[in-house]
Amino acid sequence: MLISVITLIDRDRQWFKSCIGLPDTITETPREISFCGHSINTPSEVTIIHDARLDERFSDNPLVADGTIIFYAGAP
């Protein structure tokens, strides 16, 4: 499955401004489980995670555990 999301992030959460491929019931997540929260910390780089199941930052993330996210690429 392919997912594409444009997110907005504040201090506590990220919410999905536009998305394709996520269930309509997922409209936001807490910032502490967001991949984008990591991406914005390196504003001059694209963050690429080939297999989140093997990445210590994300392996216990609920969206990884349920199989929603494996690969991630994000840019601020």
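Just so you know, these numbers use all the heavy atoms, side chains as well, and skip hydrogens, waters and symmetry mates. These numbers were taken from a predicted model, which means no experiment stands behind them.
- Residues C36 and Q14 form a side-chain contact, since some pair of their non-hydrogen atoms from C-beta on lies under 4.5 Å apart.
- To the nearest 0.5 Å, the span separating CD1 on I3 from CG on L22 amounts to 4.5 Å.
- Side-chain atoms of F35 and V64, non-hydrogen and from C-beta on, do get closer than 4.5 Å to each other.
- Separation of atoms CD1 (I69) and CZ (R53) is listed at 12.5 Å; rounding is to 0.5 Å.
- Within the 4.5 Å cutoff, no side-chain heavy atoms of W15 are placed close to those of T29.
- Of the inter-residue distances, the one linking E28 atom CD with I9 atom CD1 reads 12.0 Å to the nearest 0.5 angstrom.
- To the nearest 0.5 angstrom, L63 atom CG is 12.0 Å from I70 atom CD1.
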Tell me, with the steps shown, if I26 and F16 meet side chain to side chain contact (heavy atoms under 4.5 Å, CB included).
CA-CA 8 Å; I26 301 175; F16 308 125; 3.5 Å; yes

Kindly indicate, with the supporting measurements, whether the criterion side chain to side chain contact (heavy atoms under 4.5 Å, CB included) is fulfilled by D51 and F71.
CA-CA 5 Å; D51 191 334; F71 175 83; over 6 Å; no

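- Taking 4.5 Å as the limit, every side-chain heavy atom of T25 sits out of range of all side-chain heavy atoms of T27.
- I6 CD1 to K17 NZ: the interatomic distance, rounded to the nearest 0.5 Å, is 9.5 Å.
- Between H38 and R57 the shortest side-chain heavy-atom distance falls below 4.5 Å.
- Side chain of S39 to backbone of G74: a donor-acceptor contact under 3.5 angstrom is found.
- At distances below 3.5 Å, at least one donor-acceptor pair connects side-chain atoms of S34 with backbone N or O atoms of R31.
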